[in-house]
Structures are given as C-alpha cells and as structure tokens.
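Both counts, for ligands and for their atoms, begin at 1 and track the order of listing.
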Amino acid sequence: MSTLSSTASATASAEEYVQRVYSEVTRRDPLEQEFHQAVKEILECLVPVLARHPQYQANAVLERLVEPERTISFRVPWTDDAGAVRVNRGYRVQFNSAIGPYKGGLRFHPSVYSGIIKFLGFEQIFKNALTGLPIGGGKGGSDFDPKGKSDREVMAFTQSFMTELYRHIGQDTDIPAGDIGVGAREIGYMFGQYKRIHGGHEAGVLTGKGLLYGGSLARKEATGYGLVYFVQEMLAAQCQNFEGQTVVVSGSGNVSIYAIEKLQQLGALVVACSDSGGYIYDPQGINLDTVKRLKEQERARISEYVTAHPHAEYTEGSTGIWTIPCRIALPCATQNELDEDAARALVSGGVIAVGEGANMPSTLPAINYFLQQGILFAPAKAANAGGVAVSGLEMSQNGMRLSWSFEEVDERLRMIMKNIYRSSVRAAEEYDMPGNLVAGSNIAGFLKVADAMLAQGVV
Ligand SMILES: NC(=O)C1=CN([C@@H]2O[C@H](COP(=O)(O)OP(=O)(O)OC[C@H]3O[C@@H](n4cnc5c(N)ncnc54)[C@H](O)[C@@H]3O)[C@@H](O)[C@H]2O)C=CC1
Ligand SMILES: O=C(O)CCC(=O)C(=O)O
C-alpha cells in the first residue's frame, strides 16, 4: 500500500473507533447530554492521534477513559431554618487517576445531575494533565442551591455533605475544591467537618482553603488571572495586547471578578459582566469594587450595580451580553452560555479573541464558527487551568508545611499558563492543525494521560 492510502485507511479506522466509543457512551447514559458534548469534542480532535498511534486503540484507551473509575452518589439530609428536613443528592465522580490523585471542584447548583458532574470530571482529566502537575481528574457536587440560604443552612448542608464524602477523599486519594456555588465559606465548613470526623489536621485534603488554615495566596485569583495570562500569550503571538481593548466578561463570580481585576491592571476597558438574572453595561468601565461588594460580601444581584452607578444599564436575561461590541470576550459563567447566534453576534461586533474561563461555555457550533472565522480561541481546558494549577501548588505547600508569597505563586501560575499555551500550540502543529488550540490542548492533555495509562497496564 502507498503511504497515502495507508494513512487514509488508518484515519478511516480511527474515525470508526471514535464513532463506536461515542455511540456506546450515548447508548449507556442517553440522558447525560453535557457529558456527550464534552466527549464528542475531545474524541473528534483525537482522530489523527489514534491513526498515527494504533497502540491506544489496541489497548482500549478510549473505552477506559470515558468510563469513570468510580462514581459515588449519596443522600444529603439537612434541616432548614424553619425546622423542615430537606434532602439533596450528592455526587463525586473519580474519573481518572493515571497521573495522580483525583482532583477537581465541587459544584452546588440546582442544575447538578450526573451528566453535569461527568462532563466536568471528564474535562478535568485533560486540564489537570496540561498543568504538568501530578493530578488526576475528578469532580463532585450537589443539586443544593445556596442562593437565598442563611449561613446556618449552608453550614448544615455542607456538614451533612462532608459526613458522607469524607470516607471517599484524602490528601493522597481525592482532593476536592470549589466550583459554582462553592467558595471560601463552603470550603471552610467542609474542612471543619472533615477534621472533626477524620481527626488530625490533614490540610491537603481540600484546596481553596482560607489563608488562616492552609490556603494558598493567589488561589482565589488563580483561575481569572490564569485565563488572562493565557489570552495574553495568544494575543502576543499576533503582536497584540490588552492595552485599550474593550472586553466583555460574563458572570460575576470568582473567575469573572479576578479576570476583570487582571484585565484592568493590564489596561483593558471591561464594559460588561452578568449573573444568571441579567447583565450590566458600563461604557466607562466596570467598577470592580462595586462588583466585589455586591458579590463577595452582600451576595446580591448584579442588577444592584446601577444603584451605585446610574449611568450604567442593566438588561434582564444573561445571553444578550454577547451583542455588546467588543474586541475580546471571556465567557466565565457556565456551560453552553455562548451558542452559535451569540458567536455570530460577537464576530459582527468586531471580536478578535475569545477565552473560555467557564467550563465548556461555548457550544460546539459556536466553537466551529469562531475557528472558521479565524478568531483567536482559547479553549476552557487550557485557558482556565490556572485554578486547579494553583490548587496543586496549595497541596505542595501543605505537604511541605510552608507558605509561598503571593508573588511566588503568581509567577509559577504565569509560567504554567505559558507552558500550557506552548504545548497546545506545539501539539496542534504536530498534527497539522496549526493555530487550533482546541485540537492542540485536547491532544496534548490526552497524550499524557493515555501514555500513563498504557504504562500502568489494563486497570
Ligand atoms: N472557581 C474556579 O477555580 C474554577 C471555575 N471554573 C468554571 O468557571 C465557571 C464559573 O465558576 P465560579 O466563578 O467559580 O463560580 P461562582 O459561583 O463564583 O460564580 C458563577 C457566576 O456565574 C453566574 N451565572 C450562573 N449562571 C449564569 C448564566 N446562565 N448566565 C450568566 N451568569 C451566570 C452566577 O450568577 C455567578 O456570578 C464555571 O463554569 C466553573 O466550572 C473553571 C475552572 C476553575
Ligand atoms: O482547584 C481545583 O481543584 C478544581 C478547579 C476546578 O474545579 C476546575 O478546574 O474546573
């Protein structure tokens, strides 16, 4: 066979393999749509890798990758302020430990079900591999809604959640952290309960802890800052930077707030942000002190921003934010918040770069549209890996019983984001998709995990 026809037949066989694995995923768990979407995006990028390296198919690497090593689901009973007993469902998916202990956040949001936790856990495997740190992939959470709950109710829920979760986690087995609805308050209550049940001060069992009891400086800032560092690399490769650029950032939680902070430090004009109720547009530039006060202290709605800044506008409904003309857009709220219509609106509005701070914020048609239009696109797995990377650094500090300065952690974060950018660019080039960081990051993450799996035999 000529080289050309043997390459074509290897590609056809890899395509058929990917299709078979994907069909099996959808057949086994037909309702887990977000998980299907995450699997589809990755598997499609892997065709050239599988064609070039038949050992992955021969050893059923994909079949093993899409099946979590362990899935835990449990009852979480707690008592509300009126004395009524409430019951939520808790989850922890321990997806893949080929390169280290399971690592990934906990999400508390009413939309949580197995499909959300599995998509997040699956993404986490490759993201964690990209950081270069020895951490495997996992994720967890609950359909508990912290919105409108008193501190006492949140404490009662989180203590009950940890009363079951504690037996499945540990500093060398599985290390949870925060995600949507889980911040410093929730991590603090969970750490207290873990310590009480388990005994001893096992600092490395959770990350995102408060600075007084084993947390790392710069963990709070890490995902947002890391996202901006990644996009900075992508812009620099085109001789561009953030100075004077108009930026739209969705969400107003942990990731968004610290992305906005770093953007403003770098001279960008951030004109909009949002929450699940709607978005604010402030042509003079978002006042971050007001957003921090509303979101970090008062747990208020973003609509209240206009009380302090009457020249700004509030619009109900969060998706309209993408119709605001801007040069750079950073979706930092939630999955599938940016669809193809939104992508078209952004391109019409002059966007040159999109960086994903949230996990899977863009739908597949939106991603394809950006790529077709030549928009610089920083995919979540690579661009938002700064949070888990600094969680890994928090674990290192806990293990060594010391604390690094903010500057030291921030510098390490900057280097990690630079390395993720470079390895994604390199992998895209090696597989003939130059500039496609979606393919590059999926391939670079996959190769590390797949080779570690091969080295460890059929487990
Ligand atoms: N916290 C972290 O270190 C990391 C978070 N992420 C991802 O970043 C995203 C945001 O997470 P966090 O900031 O930690 O959560 P958070 O709970 O601090 O904030 C979430 C924000 O998104 C808003 N939101 C929720 N649904 C929305 C919608 N449909 N439209 C507009 N706004 C909406 C909420 O009102 C809130 O302002 C999630 O996708 C999460 O998985 C990714 C990597 C690390
Ligand atoms: O810091 C961590 O361990 C997890 C962060 C996270 O959940 C994510 O990267 O999506």
Sorted by chain and number, the residues that approach ligand 1 to under 4.0 Å with a heavy atom:
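Ligand 1 is contacted, at a heavy-atom distance under 4.0 Å, by Arg107, Lys127, Asp179, Ile180, Gly181, Arg219, Thr223, Ser252, Gly253, Asn254, Val255, Ser274, Asp275, Ser276, Ser318, Cys332, Ala333, Thr334, Gly357, Ala358, Asn359, Asn384.
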Ignoring angles and geometry beyond distance, decide whether Ile175 reaches within less than 3.5 Å of ligand 2 through its nitrogen or oxygen atoms.
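For ligand 2, there is no N or O atom that lies under 3.5 Å from one belonging to Ile175.
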What do you reckon, does Asn384 have a nitrogen or oxygen under 3.5 Å from a nitrogen or oxygen of ligand 2?
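No, there is no polar N/O contact under 3.5 Å.
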Which one holds for [X] and ligand 2: side chain close, backbone close, both close, or neither close, with close meaning a heavy atom under 4.0 Å?
| X | result |
| --- | --- |
| Asn359 | side chain |
| Gln124 | side chain |
| Arg219 | side chain |

Find out whether the Lys NZ or Arg CZ of Lys195 is both under 6.0 angstrom from the six-membered ring centre of Tyr213 and within 45° of the ring's axis.
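Negative - Lys195 is either too far from the ring of Tyr213 or too far off its axis.
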Within 45° cone and under 6.0 Å: Lys40 NZ/CZ vs Tyr22 ring:
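Ring-cation test returns yes.
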Give the residue and atom name of whichever protein heavy atom lies nearest to [atom], and the separation in Å to one decimal.
| atom | result |
| --- | --- |
| atom 4 (C) of ligand 2 | Gly105 N, 3.4 Å |
| atom 1 (O) of ligand 2 | Ser391 OG, 2.5 Å |
| atom 3 (O) of ligand 2 | Lys103 NZ, 2.6 Å |

Mark up the atoms of ligand 2 that fall under 4.0 Å of a heavy atom belonging to Lys127, in ascending order.
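Answer, ordered by atom number: 8 (C), 9 (O), 10 (O).
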In ligand 2, which numbered atoms sit nearer than 4.0 Å to a non-hydrogen atom of Lys139?
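Near Lys139, meaning under 4.0 Å from one of its heavy atoms, ligand 2 has 6 (C), 7 (O), 8 (C), 10 (O).
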Is there a side-chain contact between Tyr369 and Leu346 (heavy atoms, below 4.5 Å)?
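Side chain of Tyr369 against side chain of Leu346, heavy atoms only: no contact under 4.5 Å found.
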Under 4.0 angstrom from ligand 2, any heavy atom of Gly178?
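In this structure, Gly178 qualifies as a contact of ligand 2 - some heavy atom is under 4.0 Å.
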Would you find more than 12 non-hydrogen atoms of other residues, nucleotides or ligands less than 6.0 Å from Arg89 atom CZ?
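Incorrect, the count does not exceed 12.
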Please evaluate residues Asp29 and Ser114 with respect to the criterion side chain to side chain contact (heavy atoms under 4.5 Å, CB included), reporting the C-alpha separation (whole Å), side-chain torsions for both, the decisive distance (0.1 Å), and the verdict.
CA-CA 10 Å; Asp29 296 300; Ser114 58; over 6 Å; no
Phe406: partners by ring pair (Phe, Tyr, Trp, His ring centres under 6.0 Å), with sequence neighbours left out
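Ring pair (Phe, Tyr, Trp, His ring centres under 6.0 Å) check on Phe406 returns nothing, list empty.
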Per the side chain to side chain contact (heavy atoms under 4.5 Å, CB included) rule, which among Val291, Asp289, Thr290 passes with Arg293?
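Between Arg293 and the candidates, side chain to side chain contact (heavy atoms under 4.5 Å, CB included) is satisfied uniquely by Thr290.
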Parallel, tilted or perpendicular, as decided by the 30° and 60° cut-offs, for the rings of Phe157 and Phe108
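It falls in the perpendicular class, over 60°.
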Evaluate the ring planes of Tyr194 and His198, with Trp represented by its six-membered ring, and classify them as parallel (under 30°), tilted (30 to 60°) or perpendicular (over 60°).
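Taking His198 first and then Tyr194, their aromatic rings lie parallel (interplane angle under 30°).
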Ala380, Ala358, Ala177: member with heavy atom nearest to atom 2 (C) of ligand 2:
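Closest candidate by heavy-atom distance is Ala177.
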Is there a side chain to side chain contact (heavy atoms under 4.5 Å, CB included) between Trp322 and Val354 once you walk through the steps?
CA-CA 11 Å; Trp322 307 121; Val354 176; over 6 Å; no
Check the pair Phe35 / Phe122 against ring pair (Phe, Tyr, Trp, His ring centres under 6.0 Å), numbers first and verdict last.
CA-CA 8 Å; Phe35 179 52; Phe122 188 66; 5.7 Å; yes
Please find the pair of heavy atoms, one from His36 and one from Pro30, that lie closest to each other, and give the distance.
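Heavy-atom minimum between the residues: CE1-O, 3.3 Å.
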